[in-house]
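Just below is one structure, and these are the notes that go with it.
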Amino acid sequence: MGGVPGPLSIGDFSRATHLTVKALHHYHQIGLLEPAEVDPHTGYRRYATGQIPTAQIIRRFRDLGMSLEEIQGVLSAPDLRTRNERITAHLGRLEHDLGRTQSAVASLRHLLAPPAPDSTARVELRGMPAVPAAVITGTVSAEESVAWLQGALGELHATLAARGLLADGPAGGIYTNQVFTQHRGQVTIFVPCAGPVRPMGRVASSAIPAAELAVIEHRGPPADVDLAYGTLATYVTRHALAVDGPIREYYLIGQRDTADTSQWRTEIGWPIFRTASP
């Protein structure tokens, strides 16, 4: 028979939408999906068949990891453009998370693979002379270290260019032990340069001290650098006399040179006391 469809009980609406009764109760409480009718005496909830598409949309968004607040924002968007912008923003976050997951999986597979038979051959013992440099020093947390590093490098190179000075070697970073042991510590980013640098903003002039280092090269993005650190630490433990002192990094190829992170090259220097010629 024809006619207007009657309201659905919460149980029937649950079966129709594959949303649990508990979830429907919660969505009602927060105003995300309110029943079409609520019996004032019994509190029974009834839903209109026209609410099924909305419930299905909510379920799809939840399957995509969207928070209830984000879903509320999408459903309450004042126009189609705003709604699509909010959905697109969430999809962008999903793609970013997927990229991080794929990178982590690739790193784990590499970690589980049999080690190269002569992996320690990549380590070189090197004496680094003292050099004058333009520097930026700050206390940085592990979470912000990559962004802080890129910002500091950009500011250093811009300052040198404004002063008509050229870099006299690869840029680098000096990391105190607290950066690794406490995930927050002092970092100095430097660019060697022959001429004196007048202080400007965060940029100061300093001398990078001489050091004896065991050096290994890391190729690829910063996310995988821990593997090179592990190999270097193993080498130093077995073949060199480690000393207290900050870790150094030298950025041979980085963001300024190419957006392809697979081409990035970073040298990591572990402080040692050399007892023989390399």
Side-chain angles (χ1 to χ4, degrees), residues 103-104 106-108 110-111 113 115-116 118-131 133 135-153 156 167-192 206 208-258 260-275 278:
S103 177
S107 295
L108 183 57
H110 178 71
L111 194 62
D118 192 23
S119 59
T120 59
R122 296 179 293 148
V123 177
E124 173 189 344
L125 304 185
R126 190 182 302 171
M128 304 298 295
V131 295
V135 305
I136 291 178
T137 299
T139 300
V140 185
S141 67
E143 293 79 8
E144 63 184 1
S145 60
V146 174
W148 188 89
L149 162 65
Q150 296 301 335
L153 285 173
L156 287 168
D168 194 24
I174 300 176
Y175 297 83
T176 59
N177 290 336
Q178 288 77 11
V179 174
F180 306 97
T181 60
Q182 301 176 20
H183 280 192
R184 183 175 179 82
Q186 182 174 289
V187 178
T188 296
I189 303 301
F190 63 88
V191 176
S206 184
I208 305 304
E212 295 183 337
L213 305 171
V215 179
I216 192 171
E217 183 180 276
H218 165 67
R219 294 176 177 263
D224 299 332
V225 76
D226 60 317
L227 301 179
Y229 268 83
T231 300
L232 183 59
T234 300
Y235 177 91
V236 170
T237 300
R238 294 176 178 174
H239 304 288
L241 182 61
V243 297
D244 288 336
I247 292 287
R248 290 196 190 184
E249 292 184 351
Y250 290 91
Y251 310 111
L252 308 184
I253 299 177
Q255 189 176 56
R256 285 174 50 84
D257 307 295
T258 175
D260 182 2
T261 59
S262 67
Q263 300 300 317
W264 291 9
R265 292 169 55 207
T266 302
E267 287 186 338
I268 305 161
W270 194 290
I272 60 169
F273 182 77
R274 287 195 296 175
T275 57

Worked verdict on I247 versus W270 for side-chain contact (heavy atoms from CB on, under 4.5 Å): CA-CA 5 Å; I247 292 287; W270 194 290; 3.7 Å; yes
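- Closest approach of V236 and A242 over heavy atoms only: CG1-CB, 3.5 Å.
- We find the OG1-CD1 distance between T231 and I216 to be 5.0 Å, quoted to the nearest 0.5 Å.
- Taking the six-membered ring where tryptophan is involved, the planes of F190 and Y250 are perpendicular, since the angle between them exceeds 60° and thus also 30°.
- With a 4.5 Å cut-off on side-chain heavy atoms, E212 and L125 do not count as touching.
- The shortest side-chain heavy-atom distance between N177 and P246 does not fall under the 4.5 Å cut-off.
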Taking only distance into account, with no hydrogens and no angle test, what donor-acceptor pairs under 3.5 Å do side-chain atoms of residues 144-153 form with protein atoms, sequence neighbours excluded?
| from | atom 1 | to | atom 2 | distance (Å) |
| --- | --- | --- | --- | --- |
| E144 | OE2 | S141 | N | 3.2 |
| S145 | OG | A142 | O | 2.9 |

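- Side-chain atoms of V140 and V179, non-hydrogen and from C-beta on, never get closer than 4.5 Å to each other.
- Nearest approach of V191 to A167, heavy atoms of both residues: CG1-CB, 3.6 Å.
- The minimum heavy-atom distance between I208 and A133, with the atom names listed, is CG1-CB, 3.8 Å.
- Side-chain N or O atoms of T188 include none that pairs as donor or acceptor with a backbone N or O of I174 at under 3.5 Å.
- For Y175, there are no ring pair (Phe, Tyr, Trp, His ring centres under 6.0 Å) partners, not counting sequence neighbours.
- Evaluation of the side chain to side chain contact (heavy atoms under 4.5 Å, CB included) rule for T139 yields R184 as partners, not counting sequence neighbours.
- The heavy-atom pair separating H218 from A228 by the smallest distance is CB-CB, 3.9 Å.
- Annotation: salt bridge (Lys or Arg N to Asp or Glu O under 4.0 Å) contacts of E267 (sequence neighbours excluded): R126.
- Scanning both residues, P170 and P192, for their nearest heavy atoms gives O-CD, 3.3 Å.
- Atoms CZ and OH, from F180 and Y229 in turn, are 4.0 Å apart once rounded to the nearest 0.5 Å.
- Atom OG1 of residue T237 and atom CG of residue L232 lie 9.0 Å apart, to the nearest 0.5 angstrom.
- Residues forming a side chain to side chain contact (heavy atoms under 4.5 Å, CB included) with D244 (at least two apart in sequence, or on another chain): none.
- Note: I136 CD1 to S206 OG = 12.5 Å, rounded to the nearest 0.5 Å.
- Rounded to the nearest 0.5 angstrom, W264 CH2 and Q255 CD are separated by 5.0 Å.
- Applying the salt bridge (Lys or Arg N to Asp or Glu O under 4.0 Å) test to pairs two or more places apart or on separate chains, those with a residue in residues 213-222 are E217-R219, E217-R265.
- Closest approach of G245 and P271 over heavy atoms only: O-CG, 3.5 Å.
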